[in-house]
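This report concerns only the one structure given below.
A note on names: the letters A, B, ... follow the listed sequences, proteins ahead of strands, and every chain is numbered from 1. These numbers were taken from a predicted model, which means no experiment stands behind them.
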Amino acid sequence: MAAINIFHYLPGNSVIHRIDTRIKLVCMIMLSITTSLMGRVWDYLFLTIILLLFFWLSGMPVPRLLKELKYFHLLILMIIGIQAFSLPPAPGAFIPIPGFTLAGLKSGLLLGWRLVVIVIICLLFTGTTQISSLRRAVEWFLHFIPGLPAARIGTMFSLTFVIIPLIFDRAAEISDAQKARCVSGRKNPWQRISFMVFPLLRRTFEQADEMAMAMESRCYSEVYRKTAMKTSGYDWMALGFTALVCGFLFLL
Amino acid sequence: MAKTSPLNLRMTVYSSLFTALIIIGGYLSFPIPMNPVPVVLSDFFVLLAGLLLGASWGFTSVAMFIFLGALGLPVFAGGKAGLAVIVGPTGGFLFGFLAAAAVIGWIAGKGKISVLKDLVASFIAGVIVIYSFGVIGIMLVLKTTLLKALAIGVLPFLPGAVIKVIAAVILAQVLRPLLQPQFKSNANSNDSNDNQ
């Protein structure tokens with residue numbers, strides 16, 4: 001079994017699972033935009049606490065997800081490292097490591113934290129939302145715009161969410177297979193990259209083809225019987241709370 | 001119930017696959033000191049989308065990527081999102097991606113497939129189109145001169161862009177046989193159905 005199962009739907013009946021997908025999508029967009037506009041440590045701290053509260057309410061297995069996020073940990077460490085060495089030093093400041101600056105480290109830590117917050121938002125959304133429900137929600141929003149192929153865009157939207165973790169799954173599998181064959185020990189970086197990229201893209205294309213065949217054999221159609229989507233007072237409360245959090249971060 | 005044609009369905013899946021690859025390419029971004037434009041792999045997958053999917057589906061893949069980003073999903077370089085990125089200094093490159101996928105697909109899709117044509121199309125789209133849009137974006141947003149915009153948005157990336165163009169053309173030759181037989185057989189079956 002593949003090592004990474006993050007961004008897959010995790011069945012459940014928590015309060016977060018039960019929120020109407022359209023409302024959940026709007027909440028996720030509001031939180032993502034707020035995250036990309038924030039810049040202070042206190043903003044990140046406040047939003048992280050709120051998101052961890054949502055996470056606890058969703059009932060998702062935190063230790064398992066943390067373990068499966070090991071590739072993101074590496075990415076975040078790499079970003080912090082690159083940022084720490086990419087800013088010019090402040091006048092008068094002396095640090096014995098060449099190229100390293102405290103401002104760069106601070107900027108890297110904030111950027112890394114932002115990525116963590118974004119990953120938590122995406123995990124909360126994808127882990128508690130079925131792909132079919134996501135497709136219907138996107139279609140519902142797009143049907144207001146005349147001339148747009150809402151059904152196709154909805155399908156592409158949900159397929160993209162399905163394919164991203166699949167690519168990571170394949171990359172992890174190929175990496176493990178290469179480690180077993182001692183390919184990672186080769187010194188030539190071009191050879192190592194080509195040994196990774198070619199099989200990864202080849203396998204991903206084959207899998208996309210299998211996916212299309214599976215959809216075809218199940219008589220996939222862009223015209224289908226739509227299930228009614230209903231919102232309750234509880235959904236509006238969730239939207240109101242998210243708007244309050246985002247507004248608080250914008251105003252303070 | 002009307003069934004979606006097999007060719008359209010396959011292209012929808014492949015188009016989504018390229019949207020996903022462009023997003024992942026954006027996450028593999030490396031900032032350059034004192035420069036607002038990071039080095040990303042998104043443009044490499046944009047070139048590959050144009051070469052393998054053609055003009056309209058390549059364009060659709062990139063349009064979907066920008067649509068997701070505009071919605072606020074963290075799909076742009078370094079996990080950025082929102083309309084602020086589209087109208088920011090790097091926004092011109094995003095519009096360049098759209099134009100590049102269409103141009104490369106249009107040139108590479110005309111007549112017989114050849115490596116030379118792929119290379120010319122990739123060079124025109126990957127270097128000239130993307131960077132022209134990028135430079136215009138930087139000039140408009142940062143209100144700089146053409147020379148300064150070229151220094152910020154083109155010169156540091158030119159060697160990387162050439163490597164990406166060559167790599168995309170090589171990969172397209174390897175991956176095209178995987179895609180073509182199915183498209184041909186689907187097209188043939190559609191033709192025979194039409195004849196009946």
Side-chain angles (χ1 to χ4, degrees), chain A residues 25 28-37 75 78-79 82-83 85-88 99 104 111 114-115 118-119 121-122 138 151-153 155-164 166-168 171 193 197-198 201-202 204-209 211-213 215-216 219-225, chain B residues 1-24 27-35 38 44-45 48 52 60-61 63-65 67-76 78-85 167 170-171 174-175 178-179 182 186:
Chain A
L25 187 62
M28 186 190 65
I29 290 168
M30 281 162 59
L31 288 170
S32 297
I33 292 171
T34 309
T35 309
S36 60
L37 295 174
L75 181 74
M78 206 169 78
I79 288 168
I82 292 170
Q83 286 282 326
F85 285 90
S86 65
L87 287 188
L111 193 62
R114 190 168 77 187
L115 264 180
I118 285 169
V119 167
I121 294 169
C122 289
V138 174
R152 185 165 297 173
I153 295 173
T155 304
M156 283 185 70
F157 192 99
S158 51
L159 276 173
T160 305
F161 268 93
V162 172
I163 290 171
I164 290 175
L166 285 181
I167 296 172
F168 280 113
I193 290 170
V197 172
F198 283 102
L201 286 178
R202 194 187 167 88
T204 314
F205 270 78
E206 283 168 0
Q207 198 158 18
D209 206 48
M211 201 184 278
M213 266 196 283
M215 287 167 79
E216 201 183 318
C219 298
Y220 165 82
S221 169
E222 283 174 4
V223 186
Y224 63 99
R225 198 186 299 273
Chain B
M1 199 183 279
K3 213 180 141 197
T4 310
S5 84
L7 182 62
N8 266 344
L9 180 57
R10 272 209 160 72
M11 292 311 280
T12 306
V13 175
Y14 280 129
S15 195
S16 308
L17 168 65
F18 271 100
T19 307
L21 287 170
I22 295 167
I23 294 169
I24 292 171
Y27 269 89
L28 301 170
S29 74
F30 306 94
I32 292 180
M34 312 286 283
N35 197 318
F44 168 73
F45 290 112
L48 213 52
L52 294 174
T60 308
S61 291
M64 191 67 196
F65 160 69
F67 172 67
L68 291 173
L71 275 181
L73 296 169
V75 298
F76 295 140
K80 286 181 188 162
L83 290 169
V85 180
I170 294 170
L171 260 179
V174 178
L175 294 172
L178 278 178
L179 274 78
Q182 285 125 13
N186 279 323

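Taking OH of Tyr14(B) as the reference point, atom CE of Met211(A) lies at 11.0 Å (rounded to 0.5 Å). The CD1 atom of Ile167(A) sits 4.0 Å away from atom CG of Leu21(B), with the distance rounded to the nearest 0.5 Å. Rounding to the nearest 0.5 Å places CE of Met215(A) at 7.5 Å from OG1 of Thr12(B). Between atom CG of residue Leu9(B) and atom CE of residue Met213(A) there is a gap of 11.0 Å, rounded to the nearest 0.5 Å. In this structure, CD1 on Ile23(B) lies 7.5 Å from CZ on Phe161(A), to the nearest 0.5 angstrom.
Contacts between Val197(A) and chain B at a heavy-atom distance below 4.5 Å involve the side chain alone, from C-beta outward. Residue Leu166(A) does not touch chain B at all, counting heavy-atom pairs closer than 4.5 Å. The contact between Glu206(A) and chain B is made entirely by side chain atoms (from C-beta outward), counting heavy-atom distances below 4.5 Å. Interface residue Leu68(B): only side-chain heavy atoms are found under 4.5 Å from chain A. Looking at Phe67(B), the atoms closer than 4.5 Å to chain A (heavy atoms on both sides) all sit in the side chain, from C-beta outward.
For the pair Leu17(B) and Ala208(A), the tightest heavy-atom approach, listed with the atom from each and the gap, is CD2-CB, 3.9 Å. Across all non-hydrogen atoms, the minimal contact from Met64(B) to Met156(A) is CE-C, 3.9 Å. Of all heavy-atom pairs spanning Ala20(B) and Ile164(A), the tightest one is CB-CG1, 3.6 Å. In this structure, Arg152(A) and Asn8(B) approach most closely via the heavy-atom pair NH2-ND2, 3.7 Å.
A heavy-atom distance below 4.5 Å is not found between the side chains of Leu201(A) and Val174(B).
Remark: Ser32(A) pairs with Met28(A), Ile121(A), Pro74(B) by the side-chain contact (heavy atoms from CB on, under 4.5 Å) rule, at least two apart or across chains. Considering only residues two or more places apart in sequence or on other chains, Phe198(A) meets the ring-ring contact (aromatic ring centres under 6.0 Å, His included) condition with none of them.
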Step-by-step side-chain contact (heavy atoms from CB on, under 4.5 Å) determination, Thr160(A) to Val75(B) | CA-CA 11 Å; Thr160(A) 305; Val75(B) 298; over 6 Å; no
